[in-house]
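Just so it is clear: chains get the letters A, B, ... in the order the sequence lines come, proteins before strands, and each one is counted from 1. Small disclaimer: the values here were computed from a predicted structure and weren't measured.
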Protein chains: 2
Amino acid sequence: MSAVGIRQVAEHAGVSPGTVSNVLNRPEKVSASTRARVEAAIRELGFVRHASASTLRAGHSKTIGLSVIDIGNPFFTDVTAGVEDLASDRGYAVLLSNSAGSRSKEERNLLVLAEQRVRGVLITPSDESPDSLDRLRDRGINVVLVDHPAHRPDQCSVAVNDIVGGQTAVSHLLSGGASRIAYVTGPLTIRQCMDRRLGAERALRGRPLRTVEMPTMNPRAGQQAAEKLLSEGDLPDAVFCANDLLALGMLRGLMHAGVRVPDDIALIGYDDIDFAAASAVSLTSIRQPTYQLGRVAAELLLDECDNPGTHAHQQIMFQPELIVRESTR
Amino acid sequence: MSAVGIRQVAEHAGVSPGTVSNVLNRPEKVSASTRARVEAAIRELGFVRHASASTLRAGHSKTIGLSVIDIGNPFFTDVTAGVEDLASDRGYAVLLSNSAGSRSKEERNLLVLAEQRVRGVLITPSDESPDSLDRLRDRGINVVLVDHPAHRPDQCSVAVNDIVGGQTAVSHLLSGGASRIAYVTGPLTIRQCMDRRLGAERALRGRPLRTVEMPTMNPRAGQQAAEKLLSEGDLPDAVFCANDLLALGMLRGLMHAGVRVPDDIALIGYDDIDFAAASAVSLTSIRQPTYQLGRVAAELLLDECDNPGTHAHQQIMFQPELIVRESTR
DNA sequence: GGGGAGTTCTAAAACGTTTCAACGCAGATT
DNA sequence: AATCTGCGTTGAAACGTTTTAGAACTCCCC
């Protein structure tokens with residue numbers, strides 16, 4: 001098997017194992033000539049470092065974990081891309097785990113990450129889950145919250161202001177002449193859904209907001225919400241969906257029933273995923289700096305890992321941006 | 001820090017470290033009473049096993065790698081779900097890595113997986129890349145190809161017949177009365193794109209197939225392809241897109257130009273992603289058993305890992321299925 | 001009460017790296 | 001010529017598990 005370790009490399013290059021290790025980890029400490037010799041040996045023997053042994057002895061790995069709620073949602077895919085790019089710049093590997101909306105799966109994934117002794121974890125928590133994260137931190141695993149503001153000052157987080165986002169969305173609908181507005185959302189236990197509604201209500205200043213709460217946030221649920229709205233009668237003249245997947249389903253449901261968008265009902269989504277611009281009636285949406293979100297989160301985490309002394313915890317809050325397209329014209 | 005290891009647990013429970021290890025790995029070898037005592041100690045101390053130490057000593061990990069081409073494509077998301085479900089059933093963790101279409105990123109990811117000493121790798125190769133995979137196998141890392149038939153009998157693979165898929169798609173268009181058909185595809189160096197074209201040509205029996213080759217396979221590229229078709233004049237009466245992302249972009253591009261789908265041009269995609277059913281003109285597509293693909297691939301891999309003696313290599317080929325929707329009615 | 005067969009547990013040796021004190025050796029400084 | 005400095009290298013200990021041979025017990029039968 002892979003019987004070629006640092007030891008064999010050392011022998012082949014005529015140096016001690018310690019020197020090979022130095023070539024690997026602190027090449028500047030080794031003279032150019034021996035370094036070249038060792039590197040040649042590594043190449044010739046096809047040596048691949050044993051990460052477990054390295055982690056075991058060094059006490060830490062060059063790995064971070066990323067736990068997302070739904071890898072099927074393009075929003076998280078973009079976040080992931082940002083994280084991976086920055087991590088690989090810095091020489092870290094990313095362990096990606098998907099909780100698929102299940103609390104228990106999230107717990108299990110975090111346990112795996114803890115067993116792997118990752119250096120830190122980026123997580124979009126599925127709900128307020130302080131205990132399991134605190135347990136990680138107790139073990140010396142740094143944690144940065146993604147798309148979720150930290151409540152504590154000793155915790156980094158990167159988020160986007162969802163209240164402002166909700167407010168912007170509904171203000172836009174109002175300025176387009178809408179007056180009877182519906183909010184189609186996922187579970188209101190999800191902070192993002194709740195905050196976006198808060199923002200919507202703020203824009204409405206006391207006028208009523210009809211809320212349709214669905215258990216999931218995919219196109220199917222959006223279409224069902226459309227059917228529900230249609231069957232209940234008393235149609236709204238504008239619909240605000242808590243994400244674009246819901247909005248795309250809503251769009252399809254409305255068009256199927258012969259409702260014209262935006263003429264009969266204006267429609268706005270959230271996240272500005274790629275498909276939002278590509279749908280037949282292109283979707284007005286609230287854009288978030290998704291890729292940046294991941295990238296900055298990773299930056300904070302790796303700073304915390306690499307410079308534990310000087311690291312200053314930050315709670316970063318981005319602002320969302322209105323993207324107007326056909327569905328509200 | 002995490003100063004609590006197997007040793008502390010042993011002390012706390014009044015047994016030897018070896019016994020704790022047995023409780024963890026071969027609980028049936030330990031008497032019920034001591035097992036209970038050890039398990040209590042584990043819980044009380046909050047012990048988390050150090051995966052690196054375990055891997056180092058045992059010589060293998062409970063981890064497999066999954067390397068996909070584009071995690072942003074819902075097709076791969078579904079495959080991933082299948083893999084993760086089966087792996088976690090079997091007590092394995094999955095290291096997910098995304099090559100984002102880049103050959104060098106794929107290489108780098110495979111190196112990371114090799115360093116982690118994963119038990120095996122599931123990979124959708126970005127092209128015919130025998131060398132790096134052979135190197136993995138030389139190291140004792142099992143490899144199963146996903147969505148790519150193996151050319152060698154000593155290699156497992158799971159794929160879907162793309163030639164049949166292409167043939168089915170174009171036959172369907174022909175039976176709908178189309179005669180001038182265009183094929184919009186990603187790079188023809190990608191086996192899937194090439195095979196689907198082969199199938200299309202087979203259905204055409206020598207009649208010409210106009211091919212538009214784009215460098216990427218996302219909605220943006222699809223829309224550009226539409227613009228290209230429109231600007232070149234001499235419109236086809238049906239378009240077959242090599243995947244649904246291209247088809248959705250094509251749909252939008254056509255509608256924007258006032259072309260009616262399916263009345264002026266019929267349109268068919270490939271993969272049957274969720275968004276295909278949810279688009280404004282719902283998309284006829286070729287469905288693949290995506291989730292199954294991942295699940296069966298994982299099953300083959302873990303069988304190879306856990307029963308190296310009795311394992312029989314298999315090349316499994318699924319058949320695709322035509323899903324008719326509005327875009328070809 | 002001696003001895004074989006099970007059962008349950010222990011002790012110590014690995015696994016492949018990293019780390020660190022110590023060493024040798026060149027050139028610079030007294 | 002003796003001493004100091006600093007660089008480059010070495011050797012061995014350590015990281016936290018798993019694994020193996022075998023020790024310690026219990027039970028049972030002659």
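B/Gly18 comes within 4.0 angstrom of a nucleotide base, judged by non-hydrogen atoms across all strands. Residue B/Val30 is classed as a sugar-phosphate contact, given heavy-atom separations below 4.0 Å to backbone atoms only. When heavy atoms are screened at a 4.0 angstrom cut-off, B/Ser21 is found touching base atoms of the nucleic acid. Looking at heavy-atom distances under 4.0 Å, A/Ser52 makes no contact with the nucleic acid at all. Counting non-hydrogen atoms under 4.0 angstrom, A/Thr19 reaches a base of the nucleic acid. Across all strands shown, B/Thr55 has no heavy atoms under 4.0 Å from either base or sugar-phosphate atoms.
The CD-P distance, from B/Glu11 to D/dT17, rounds to 14 Å in whole Å. Atom CZ in B/Phe47 sits roughly 8 Å away from atom C1' in D/dT17 (whole-Å rounding).
Between B/Lys29 and A/Asn22, the residue anchored nearer the 5' end of DNA chain C, judged by the nucleotide with its closest heavy atom, is B/Lys29.
Listed nucleotides D/dT17, C/dT17, C/dT10 differ in distance to B/Val15; the shortest reach to its side chain belongs to C/dT10. The listed nucleotides are D/dT10, D/dC15, D/dT9; the one nearest the side chain of A/Leu56 is D/dC15.
Using a cutoff of 4.0 Å between basic side-chain nitrogens and carboxylate oxygens, A/Asp306 and A/Arg90 are not scored as salt-bridged.
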